[in-house]
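Note sheet for the following structure.
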Number of protein chains: 2
Amino acid sequence: MTDFKTRLNQMIDKLKANQHRITPQRMAVLKILATSKGHPSVEKIYEQVKRLFPTTSLATVYKSVALVKEFGEVLELGFTDGSNRYDGNKPYPHPHLVCTECRTIMDPSLSALADMTHELIQETGFKITNHRLDFFGICPECQKK
Amino acid sequence: MTDFKTRLNQMIDKLKANQHRITPQRMAVLKILATSKGHPSVEKIYEQVKRLFPTTSLATVYKSVALVKEFGEVLELGFTDGSNRYDGNKPYPHPHLVCTECRTIMDPSLSALADMTHELIQETGFKITNHRLDFFGICPECQKK
DNA sequence: TTGATACAAATAATCATTATCAAATTAAAT
DNA sequence: ATTTAATTTGATAATGATTATTTGTATCAA
């Protein structure tokens, strides 16, 4: 089975297991979240869903995204400028690399982060439950321009 | 000179150098930003300013904070839940440790972050201009309860 | 002191997100 | 297949933090 179908089924199972229905609109949102590599915004998801179901309301997309978020099946990335982006592929905390020119968001691999977290726990006595790490900059493409 | 006065003077100089006036209300906001170790919100700043100048408008506080932010003299920490907090002591990017119970925000020292940034630049070719690193958890005090 | 400009206060506007609610749809039971 | 009870949708209103607007006031340099 493809990777995205595994993710999709995981989302569906999670909803079904909690007495939530899989409607066509909701399924469309789930598919987009499971497929998109580009960390889409609600508006972007809305645009795509409307192609399949033109009468879909923006509120429905918000509610569907909130639902999968509630069950930990999507990662919400809120930014200071108000834009929220979503990652349904890796719904757990991980670092992001944001190009401030073209708004592309990438997932760099930074293995040292785990060590840093452990160091932090040792030093502060905190029980760490979550984290957020974003780097902002200009991607190679945008630097050329 | 005390540390906070140095910070305060730096803020004042930056504003004056850019043809901005130091009004009593604005001075009060600057002092709070330079003094507070607790990463205050706009509302918290507003409360304090009103003690000195009861007629102060919330909009004035927003504008004052936005002004010092414009000149890089305060660090804005926007959170997903909509709450914005400000750091006038260290107005440059640095890691934060947030207790999700009592909303206390601390500044842990994580020297490994610089190495991680360099590694990222090597691997991606990005020109890194900014970053944001937050750890969320329960502080030792709140764990006792 | 004056004059030009910036600023403060009060309030209206904005905009992303959330809440509301009647009508439609769903999944399960008969 | 129908029925049924609950959930979901779609349209729209409400929310709330932040920003813009406006008018009168305070500031600073000459």
Side-chain angles (χ1 to χ4, degrees), chain A residues 11-33 39-71 74-86 103, chain B residues 11-33 39-71 74-86 103:
Chain A
M11 290 180 180
I12 293 169
D13 292 348
K14 215 46 164 300
L15 293 191
K16 280 187 175 172
N18 289 83
Q19 290 79 48
H20 290 287
R21 295 170 182 171
I22 308 301
T23 64
Q25 297 90 334
R26 200 169 274 178
M27 177 66 98
V29 172
L30 296 191
K31 274 185 184 170
I32 292 162
L33 287 173
H39 307 78
S41 64
V42 166
E43 280 291 341
K44 276 274 180 294
I45 297 169
Y46 178 51
E47 284 172 21
Q48 289 190 247
V49 174
K50 268 209 298 195
R51 283 182 213 148
L52 290 166
F53 307 99
T55 67
T56 304
S57 168
L58 181 58
T60 297
V61 177
Y62 270 106
K63 279 182 280 195
S64 300
V65 171
L67 197 65
V68 284
K69 191 179 81 176
E70 184 185 331
F71 295 109
V74 69
L75 181 71
E76 183 180 64
L77 296 175
F79 293 97
T80 302
D81 67 1
S83 62
N84 277 16
R85 307 277 290 262
Y86 296 88
R103 300 299 295 172
Chain B
M11 290 180 180
I12 293 170
D13 291 348
K14 213 50 166 294
L15 293 192
K16 278 186 176 171
N18 290 82
Q19 290 79 49
H20 290 286
R21 295 169 183 171
I22 308 302
T23 64
Q25 296 90 334
R26 199 170 276 177
M27 176 68 96
V29 172
L30 296 191
K31 274 185 183 169
I32 293 163
L33 287 174
H39 307 77
S41 63
V42 166
E43 280 292 341
K44 276 275 180 295
I45 297 169
Y46 178 51
E47 284 173 21
Q48 289 190 246
V49 174
K50 267 209 297 194
R51 282 182 214 149
L52 290 167
F53 307 98
T55 66
T56 305
S57 168
L58 181 59
T60 298
V61 177
Y62 270 106
K63 277 182 283 192
S64 299
V65 171
L67 197 64
V68 283
K69 191 179 80 175
E70 185 185 331
F71 294 109
V74 68
L75 181 70
E76 184 180 63
L77 296 175
F79 294 97
T80 302
D81 67 2
S83 62
N84 277 17
R85 307 278 289 265
Y86 296 89
R103 300 301 293 172

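Numbers restart at 1 for each chain; the letters A, B, ... are given by sequence-line order, proteins then strands.
Rounded to whole Å, the distance from CG on A/L58 to C1' on C/dT17 is 9 Å. Residue B/F79 contributes atom CZ, which lies 20 Å from atom C1' of C/dA16 at whole-angstrom precision. Spacing between atom CG of A/N18 and atom P of D/dA6 amounts to 18 Å, rounded to whole angstrom units. Nucleotide D/dA20 holds its C1' atom 14 Å from the OH atom of B/Y62, rounded to whole Å. In this structure, the NE2 atom of B/H20 is 15 Å from the C1' atom of C/dA8, given to the nearest Å. At whole-Å resolution of the value, CG in A/L67 and P in D/dT7 are 12 Å apart. Protein atom NZ of A/K63 is 11 Å distant from nucleotide atom P of C/dT20, rounded to whole Å. For the pair B/R26 CZ and D/dC28 C1', the computed distance is 14 Å after rounding to whole Å.
Other residues, nucleotides and ligands contribute more than 12 heavy atoms inside 6.0 Å of the NZ atom of B/K14.
For D/dT18, the OP1/OP2 oxygens have a side-chain nitrogen or oxygen of B/N84 closer than 4.0 Å. The shortest distance between the side-chain N/O atoms of B/Q25 and the OP1/OP2 oxygens of C/dA9 is below 4.0 Å.
Ranking C/dT17, C/dA8, D/dT9 by closeness to the B/T60 side chain, first place goes to C/dA8. Side-chain atoms of B/S57 lie closest to C/dA10 of the nucleotides D/dA11, C/dC7, C/dA10.
Put simply, the side chain of A/L67 does not reach to within 4.5 Å of the side chain of A/V29, judged on heavy atoms. Inter-residue side-chain proximity for A/L58 and A/E43 is flagged as met; some heavy-atom pair is nearer than 4.5 Å. The closest side-chain heavy-atom distance from B/E70 to B/N18 is not below 4.5 Å.
Comparing B/K69 and B/R21, the nucleotide of DNA chain D nearest to each residue sits closer to the 5' end for B/K69. Both B/T23 and B/V42 lie close to DNA chain D; mapped to their nearest nucleotides by heavy-atom distance, the more 5′-ward contact belongs to B/V42.
Contact annotation for B/P24: backbone-only contact, meaning every heavy-atom pair under 4.0 Å involves sugar-phosphate atoms and none involves a base. Residue contacts shown for B/T56 are limited to sugar-phosphate atoms, with no base heavy atom under 4.0 Å away. Counting non-hydrogen atoms under 4.0 angstrom, A/E43 reaches nothing in the nucleic acid. Residue B/A59 is in base contact, counting any heavy-atom pair closer than 4.0 Å across all strands shown.
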Run the side-chain contact (heavy atoms from CB on, under 4.5 Å) test on B/E76 and B/Y86 for me, step by step, so that the C-alpha distance in whole Å, both residues' side-chain angles and the decisive distance to 0.1 Å come before the verdict. CA-CA 5 Å; B/E76 184 180 63; B/Y86 296 89; 2.8 Å; yes
